[in-house]
Amino acid sequence: MKKIKNKKQLSYAISLSVLSLASASSLAQKTIEEVTVTATRTESLLSETPIAMTALTPDSMRDSGITDATKLNDVVPNVRLTESNGDYRVAIRGVSSTDTTEKGDPSVAFMQNGIYIARSQDIVGSFFDLERVEVLRGPQGTLYGRNTTAGVINVLSARPKNEFEASVDMELGNYGTENFTGMVNVPLNDNLAMRAAVNREKRDTVLEGPGAKNLDAFRDNLTGRLSLGGDYDKFEFVVVGEASQAEGSVFNILPISNFFPDGYATTPTIDPRYHAAGSTDDLLNVPFEITAPDSRDEDRWSLMTEATYHFDNFSLTYLGSVRDADREFNRNYMVLGSIPNPATFVGSFEQSSHELRIAFGQDKPLHGQAGLYYFKEEIDLELNLGNPIASMFFGENAVGYAFPQGPVEAESKAAFTELTYNITNDLHVTGGIRYTEDEKSREGATVLDVQDPDTGVVTRTVLNENLAADDWTKTTWKLGVDYFLGDLGMIYASVATGYKAGGFNDGCVEGSGIGCTQPAELLYYGPEELTSIEAGFKFSLLEDTLNLNASVFTYDYTEKQIEATIVNPPARVTRNAGEAGIEGIEIDGIWLPYENGKLEFSATWLDAVYDDFVPDEANYPDLNFKGKYLDHAPENTFRLSYTHTFPLSIGGYLDANVSSLYSSEYYIVDLPNVSQFKQPSYTKTNVTLTYHSEDDSWYVQAYGKNLEDEITLGSATSGFFGAANVEDPRTYGVRAGMKF
């Protein structure tokens, strides 16, 4: 009954808001600017795209303080993105993945210029010189393919333009924040232009105490981008090259006892009680020194091209890329909550992708697109956990416990089509289908390094080989309908499916190599699948001064992949976790109540729970997580943002903005303890005050984020590697920029 009550309350609040907005409509003086998006792989207006999505422009990101991917949590409904030890984890509508290793895949596809980025570590870095960011909620298995069970985040860099322009943007803030972006765009002739942009980002750790004093800057990144683009009558293209270097510390974990001190690791099956107390410094305190190196050194580069030729009756597009990354990490894991364990990581990551797509019938009743896709990834790496872990499990002479892996390979091939038929000018039906073949393989080992106490010679012994290879095929599909109601807007409904490829754990099938003891059913895990039913509307009301969007959805989520850390010996394993059911409501909008005011709002209700999941069948066969919430899936969130513009007699104008986000409690599964951590409900408020020059050629902004100084959990686990990761505390600073 509680959930029904919440839905009624949400519906009542929305109805009341719409009525109150309507009563004040006569004060409105301007209309809302339209945004063009490419969510359907062709250009369309956001208000006419039948997908639940958010599109962020450079101005809206600047005014909301969205400087990197983690800040999307502040403004995009039902999105949660967290960082831990250099790895990123994304959840949309309660669908997420925690396996960020070389063998894992995300449930949310992160893309740059439509190119799928396989490794979460490549998400790190500033959002700079962008056209926009598009966040698509719900499975996108037809046009975007594998690993889009939850949705898509597509970051689109600004393209070269046929006019000269240049800009400089700077930011200084607490925690040693420094952010600088410079851009210049130069036309080479009437058809060809070049654009160059560079970004430097630096920030210290937010951690406190002895564990923070020896850490390098948490982020120290330098990125450059060079783009060349042209438009020659029927042919258009863009080539984008990007290179970056990321340095700094990767340590950003805290003792779990800072938040759950009441016997959290001693009572399996009992959800620990959140009991954080004290100041922000107390919560962020790392009570032991980190004397070993803790650093990242990453060099990345990428090259992508998109080229389209417009024939008389169709257009042919090629989209291709190559990406390469070399990483060296010195990491300090936390053992038993208080013992730092230095570890080293070195890896080489390569990926390439190619897509050939044909679009046809854009002015015909039947129109659509079809394409072929190919993706290849190859990884070589070694993670060495070192000591004290090695000596704890293998004796005092053990100096290394390592996982040399490689080659680790993934290959994906797909063919897809999506067609739309206009039954009338206002009524459209869409059908799409995609066939995917996935292959994964790995050669590697789990090894032990032992040092002879007399000679100092280190001998490496293979404990077991890590040998695995498997393949999967899947057909994903979508059926949709949308109807335009004149000036009011559109309504839409769809049934769609999503799919994430299966994988394997460490080890090998019994009898296939050194130390191979596992049965195939424990070594391998299968794909996860999701079927979504969704309906919504996008309305323009009050003489185009109110945009109101809403969607209602229900998911059938099967074979969810879930990861856990085992202790003896330390390893991470993934398996399929039964079934989950998700349903929800999302509402968002923008209202211009009068000439100089703008109100943005969103509200969500989410019921994301396990339908059937027994996390520890061996020890607790009767303990079922049925009815427990999925990770990072708060039942309710509400966001309000108000901006008032003050014209100034001296010239220019002042924008004053205040925004506040409320989230109800959410949970994080803790499989080692067969329980869940709970993050209590919270509110975070941001403010900005921005002066714009009269001709909008420069601005100065002061900002404050999370004024309440709420410390919220990003991740948490108990047991041998028990630790917590938190999101940013209160931050503040100034930004300034100039256009030329």
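These values consider heavy atoms only, across backbone and side chains, with no hydrogens, waters or symmetry-generated copies.
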Q) Does a side chain donor of either Thr690 or Gln701 reach within less than 3.5 Å of an acceptor in the other side chain? A) yes

Q: Go through the side-chain N and O atoms of Glu727 and Thr712 and say whether any donor and acceptor fall under 3.5 Å apart.
A: yes

(Q) Let's go through Phe251 and Leu207 carefully: what are the C-alpha distance in whole Å and the side-chain angles of both, what is the deciding distance for side-chain contact (heavy atoms from CB on, under 4.5 Å) to 0.1 Å, and is it a yes or a no? (A) CA-CA 9 Å; Phe251 187 85; Leu207 304 183; 3.6 Å; yes

Q. In terms of the angle between their ring planes, are Tyr232 and Phe237 parallel, tilted or perpendicular, with boundaries placed at 30° and 60°?
A. parallel

Q: Show your reasoning for whether side chain to side chain donor-acceptor pair (under 3.5 Å) applies to Asn549 and Asp588.
A: CA-CA 5 Å; Asn549 311 313; Asp588 66 90; 3.1 Å; yes

Q: Decide whether Thr308 and Ser315 meet the rule of one side-chain donor and one side-chain acceptor closer than 3.5 Å.
A: no

Q. Does the side chain of Leu640 come within less than 4.5 Å of Leu661's, by heavy atoms?
A. no

Q) Do Ser660 and Thr685 meet the criterion of a side-chain donor-acceptor pair at a distance under 3.5 Å? A) yes

**Q.** Flag side-chain contact, heavy atom, 4.5 Å: Tyr116 against Pro106
**A.** yes

Q. Is the centre of the Phe537 ring less than 6.0 Å from the centre of the Tyr492 ring?
A. no

Q: Give a yes or no on whether the backbone of Ser244 and the side-chain of Thr223 come within a donor-acceptor separation of less than 3.5 Å.
A: no

Q: Could you tell me whether Arg327 and Asp122 have a side-chain N and a carboxylate O separated by less than 4.0 Å?
A: yes

Q.
Show the nearest heavy-atom pair for residues Ile587 and Ala550, with the distance to one decimal.
A. CG1-CB, 4.0 Å

**Q.** Single hit among Glu131, Glu306, Glu236 for salt bridge (charged side-chain N to carboxylate O under 4.0 Å, His left out) with Arg159
**A.** Glu306

Q) Is Arg730 salt-bridged to Glu710, going by a charged N under 4.0 Å from an acidic O? A) no

Q) Where do Ser96 and Ser107 land on the side chain to side chain donor-acceptor pair (under 3.5 Å) test, with the steps shown first? A) CA-CA 5 Å; Ser96 65; Ser107 295; over 6 Å; no

Q.
Under the salt bridge (charged side-chain N to carboxylate O under 4.0 Å, His left out) definition, can you give me all pairs with a residue in residues 31-58, not counting sequence neighbours?
A. Arg41-Glu355

Q | Side chain to side chain, Asp297 and Gln245, heavy atoms closer than 4.5 Å | A | yes

Q: Taking Asp299 for its side chain and Asp326 for its backbone only, find out whether a donor-acceptor pair lies under 3.5 Å.
A: no

Q) What about Tyr691 and Trp698, are their ring centers closer than 6.0 Å? A) yes

Q) Please, which pairs that meet salt bridge (charged side-chain N to carboxylate O under 4.0 Å, His left out) have at least one residue in residues 184-201, sequence neighbours excluded? A) Asp129-Arg195, Glu165-Arg195, Arg200-Asp220, Glu201-Arg219

Q | Exercise: do Thr280 and Asp709 side chains pair donor with acceptor under 3.5 Å | A | yes

Q: Could you tell me whether the side chain of Ile590 reaches within less than 4.5 Å of the side chain of Lys598, counting heavy atoms only?
A: yes

**Q.** Residues Tyr699 and Asp169: side-chain donor-acceptor under 3.5 angstrom
**A.** yes

Q. Can you tell me if Asp63 and Asn657 form a side-chain donor-acceptor pair at under 3.5 Å?
A. no

Q) Charged N to carboxylate O under 4.0 angstrom, Arg357 versus Glu418? A) no

Q: Quick one: list whatever passes side chain to side chain contact (heavy atoms under 4.5 Å, CB included) with Asp204, sequence neighbours left out.
A: Ala217

Q: Applying side chain to side chain donor-acceptor pair (under 3.5 Å) between Asn78 and each of Arg137, Arg93, Glu586, report the one that passes.
A: Glu586

(Q) Is a donor from one side chain sitting under 3.5 angstrom from an acceptor on the other, for Asp695 and Ser693? (A) yes

Q | Option from Lys705, Lys684, Arg203 for which side chain to side chain donor-acceptor pair (under 3.5 Å) with Asp728 holds | A | Arg203

Q.
So does Asn174 get a backbone contact from the side chain of Thr177, meaning a donor-acceptor N/O pair under 3.5 Å?
A. yes

Q: Would you mind reporting whether Gln140 and Ile51 have side-chain heavy atoms less than 4.5 Å apart?
A: yes

Q | Check ion pair Lys71-Asp68 (N to O, under 4.0 angstrom) | A | yes

